[in-house]
Amino acid sequence: MLCYHCGCALSEHDFCTACGADVSIYKKIMHLSNRFYNDGLEKAQVRDLTGAVNSLRQSLKLNKSNIKARNLLGLVYFEMGEVVAALSEWVISKNLRPKKNIADIYINMIQTNQSRLDSINQTIKKYNQALAYCRQDSQDLAVIQLKKVLSLNPKFVRAHQLLALLYIEAGEWDKARKELYKCNRIDSNNTTTRRYLKEVEKMVMPEEGAAKLSAKRKGISPDAIKYQSGNETIIQPVNAKERKGASVLLNMGIGIVIGLAAAWFLILPARIQMAQVAMDEELRVIGNQSDEKTITINELEQQVKALSEENTGLKEQVEGYVGTDGTIQASDKLIEAANAYLSSEGDLLGVSNYLDEINMDELGDTASEAFISLHGTLTGLIGPELSKTAYDEGYQSYRQGDFAAALPNLAKAYQYDETNGDALFYLANCYKETNNLERAKETYAKVIELFPGTLKASNSETYLAELNNSGN
């Protein structure tokens, strides 16, 4: 044992003879860790794997550098079918002691065998798929997946337990008991296995007293063994007297027939084995193809769902543009604007109201050339005068301090006359006064860009700097 402080070998004293550090508690912890390791080793030797895991974990809690305990824990996990957990422990062990570590052999045993790696990956995927089927209440599919898992990894305790639980749910008590017995052969003291097995035994073999009373009422020997197999009740008498004479001859005849049949089947063992291997390979290929088709179906369902949502959105967008009679509403607004311009006497605001309801950006390529031309003509005719009228009203509201009322008029003034820099500058001031600071920054930047060298551009630079400083 080495000193935790200086690394020198410790003596029988409670202090380090090299550095003088107090190592009494340290020694107790190391000894206790070794005791838990020995306890885990004893339990592993009698296949109490669950108990071994608990003891070894406790050993590592006390001394994480206990390489023997960590390597043994990996072996126990591997024996329980938990290959990923085993590899994790061995990799940690390898990092703690890079040289002269038996974990190297365990890791290479798995990583150098590509077929074993593929089998481990398939086991994990299929077990997770079985869990997903259980959550979806598809118990039959889960049973199929778990059988594939156990064909690849027969020692996977959790898979045996889950399969047994599915059999219990389906009322197949005999099958559940067989799976739990397999779990017991792997891990003799697993709490979950024992709990499941207790419930199964209650259903397969009723309580002894109730069984004897029921047998007595039905005229059955109380020594008979009674158990449930599926939907049938099997009664097996014990201590029955052996029949002599004809029974002996009958048994001899049956033995001869069985012997002849066994000899016959032993003649062709190679062919039978080859046929079994070919069948297993075909089943594996079919299972993989089925999994791939399931994945493809799920992907296609997701694509169909996405396309349906996109189709719904496009329908709603089209309904926004198309009226009940199938014509584009934007065309109606443009016609109404043209009619208002021709029939009104200077009511430019009425014309602009119709034009404001037309969003050219949303129409995009759907607008015809005639529509775009008429829209541009109307905008050009009413633009300058409407811009001046809107600017006058907006500037009047601005001078009066009613910035909220000035905003729409100043925006409209710049919309219909993009050379009106004053409208753009006062619009930026209105945004600032109404605390719409982001829009104010954008508009000041636009004034600086479009009207360089002017007084309003210089003022915009000053205001923009103030806004940026206040934001910091």
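Counting from 1, the numbers follow the sequence of the chain as shown.
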Taking ring pair (Phe, Tyr, Trp, His ring centres under 6.0 Å) as the test, write out the residues that go with [X], two or more places apart.
{"X": "Y77", "value": "none"}
{"X": "F156", "value": "Y127"}
{"X": "F36", "value": "none"}
{"X": "Y133", "value": "none"}

When you check the gap from the basic side-chain N to the acidic O, do K198 and E201 get nearer than 4.0 Å?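 No salt bridge links K198 with E201.
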
Please list all pairs meeting salt bridge (Lys or Arg N to Asp or Glu O under 4.0 Å) that have one or both residues in residues 85-96, counting only residues at least two apart or in different chains.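 Residue pairs passing salt bridge (Lys or Arg N to Asp or Glu O under 4.0 Å), neighbours aside: R70-E89, K94-D104.
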
Name all pairs fulfilling the salt bridge (Lys or Arg N to Asp or Glu O under 4.0 Å) condition that reach into residues 133-155, sequence neighbours left out, sorted by first residue then second.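 Every pair satisfying salt bridge (Lys or Arg N to Asp or Glu O under 4.0 Å) with a residue in residues 133-155: E79-K155.
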
Which residues satisfy the side-chain hydrogen bond (donor to acceptor under 3.5 Å, both in side chains) test with [X], sequence neighbours excluded?
{"X": "N436", "result": "none"}
{"X": "R194", "result": "N189"}
{"X": "D39", "result": "K43, S55"}

My understanding is that only residues two or more places apart in sequence, or in another chain, count here; which of them pass side-chain contact (heavy atoms from CB on, under 4.5 Å) with [X]?
{"X": "K175", "answer": "Y167, E172"}
{"X": "D392", "answer": "K388"}
{"X": "T419", "answer": "D417"}

